[in-house]
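For reference, the structure discussed in these notes is given below.
Hydrogens, waters and symmetry mates play no part in the numbers below; they use all other heavy atoms, side chains included. Keep in mind that what you see is a predicted model, and the values were worked out from it rather than measured. Throughout, protein chains are lettered first and strands after them, A, B, ... in sequence-line order, and every chain is numbered starting at 1.
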2 protein chains.
Amino acid sequence: MREPTFLILTALAGGPRHGYGIIREVTTLSEGRVTLLPGTLYTALDRLTAQGHVAHDRDETVDGRLRRYYRLTPDGRRALEVETVRLRQLATAAETRLGALRPRTA
Amino acid sequence: MREPTFLILTALAGGPRHGYGIIREVTTLSEGRVTLLPGTLYTALDRLTAQGHVAHDRDETVDGRLRRYYRLTPDGRRALEVETVRLRQLATAAETRLGALRPRTA
DNA sequence: TGACCATGTATCGATCATCGACATATGGTC
DNA sequence: GACCATATGTCGATGATCGATACATGGTCA
């Protein structure tokens with residue numbers, strides 16, 4: 001799973017959101033580092049829906065504009081949990097090796 | 001940066017290694033989860049060398065077999081550090097949202 | 001009035017790291 | 001003689017992401 005997909009699932013872990021809302025949430029939770037492109041988001045949502053990680057929630061119309069909401073499925077939540085553990089293990093493994101060769105300054 | 005590339009840099013953060021040594025080291029540090037394929041490893045090493053993240057270290061011949069060693073450059077070390085921080089931030093962001101909706105059992 | 005921006009969903013070709021299979025060679029074991 | 005571990009390398013296919021584009025609404029600003 002790549003970063004944009006991970007961030008989409010993370011955004012939905014905070015509750016159902018519509019596409020554009022996911023884009024803004026991902027910008028926020030990545031601290032401005034990642035700006036989701038429409039092409040990435042909507043193809044990812046289609047793929048995640050087909051995989052059962054995400055489900056269509058409801059449609060709303062606000063000010064004449066459609067909002068299509070998505071939510072994380074129990075399956076998607078599990079996938080995100082597994083992925084989170086993986087990322088933490090990777091970070092720890094790298095930190096161990098980086099730290100071993102570079103003694104602390106203080 | 002994707003997982004195989006990250007693991008290659010992490011393996012080299014422990015000191016210079018030759019290709020096959022990297023494959024075994026990656027298997028170890030990923031706890032058996034990732035087995036690097038030759039196609040992934042050697043194209044990645046070429047790419048990382050061109051990017052300046054990795055450099056050719058030395059060649060050895062052991063039992064009639066060539067060993068081509070690579071090492072992490074200061075640039076590669078910095079890239080790995082940046083990437084590690086990124087992974088940790090991603091994991092933390094996800095854990096916050098996962099935890100918020102699923103109260104602790106104890 | 002017209003330009004521009006934020007909101008909102010959607011498609012499509014290009015890019016590029018990885019995958020999977022294959023090639024080639026040596027040395028040891030069964 | 002077959003097979004496996006060691007060791008480096010190429011090549012076509014796959015697939016998520018990128019970048020551009022399209023289209024529609026409502027608000028602001030000149």
With a cut-off of 3.5 Å and sequence neighbours excluded, list every side-chain donor-acceptor pair involving residues 58-67 of chain B.
from, atom 1, to, atom 2, distance (Å)
R58(B), NE, E60(B), OE2, 3.1
R58(B), NH2, E60(B), OE2, 3.4
D59(B), OD1, H56(B), NE2, 2.9
D59(B), OD1, R68(B), NE, 3.3
D59(B), OD2, R68(B), NH2, 3.4

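M1(A) has its CE atom 17 Å from the P atom of dT18(C), to the nearest Å. Between I8(B) atom CD1 and dC19(C) atom C1' the separation is 13 Å, expressed in whole Å. Rounded to whole angstrom, the span from the CG atom of D57(B) across to the C1' atom of dT8(D) amounts to 17 Å. Distance L48(A) CG to dG15(D) P: 15 Å, rounded to the nearest Å. Note: CZ (R17(B)) to P (dT8(D)) measures 13 Å, nearest angstrom. Counting to the nearest Å, the P atom of dT18(C) and the CG atom of L36(B) are 9 Å from each other. Protein atom CG of L37(B) is 18 Å distant from nucleotide atom P of dG12(D), rounded to whole Å. Rounded to a whole Å, the NE2 atom of H56(B) is 12 Å from the C1' atom of dT8(D).
In the set dT17(D), dT18(C), dG26(D), the nucleotide with an atom closest to the side chain of D63(A) is dG26(D).
Every residue two or more places apart in sequence or in another chain that forms a side-chain contact (heavy atoms from CB on, under 4.5 Å) with T73(A) is listed here: A55(A), D75(A). By the ring-ring contact (aromatic ring centres under 6.0 Å, His included) test, Y20(A) pairs with no residue at all, sequence neighbours left out. In this structure, R2(A) has no side-chain hydrogen bond (donor to acceptor under 3.5 Å, both in side chains) partners at least two apart in sequence or on a different chain.
Counting only heavy atoms from C-beta outward, the side chains of H53(A) and L72(A) never approach each other to under 4.5 Å. The shortest side-chain heavy-atom distance between D57(A) and Y70(A) does not fall under the 4.5 Å cut-off. Within the 4.5 Å cutoff, the side chain of M1(B) has heavy atoms near those of the L9(B) side chain.
Side-chain nitrogen and oxygen atoms of T5(B) include at least one within less than 4.0 Å of the OP1 or OP2 phosphate oxygen of dT18(C).
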> What one-letter contact string describes nucleotides 4-16 of chain C from 5' to 3', where B marks a base within less than 4.0 Å of any protein heavy atom, S marks contact via sugar-phosphate atoms alone, and - marks no contact?
Replying inline: --BBBBBBB----
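Heavy-atom distances under 4.0 Å link DNA chain C to no residue of residues 82-92 of chain A.
Clustering ILVMFWY residues whenever any of their side-chain heavy atoms sit less than 4.5 angstrom apart, transitively, puts V34(A) in the very cluster that holds L80(A).
For the residue pair T27(B) / R33(B), no side-chain donor-acceptor distance below 3.5 Å is found, with atom types taken as modelled.
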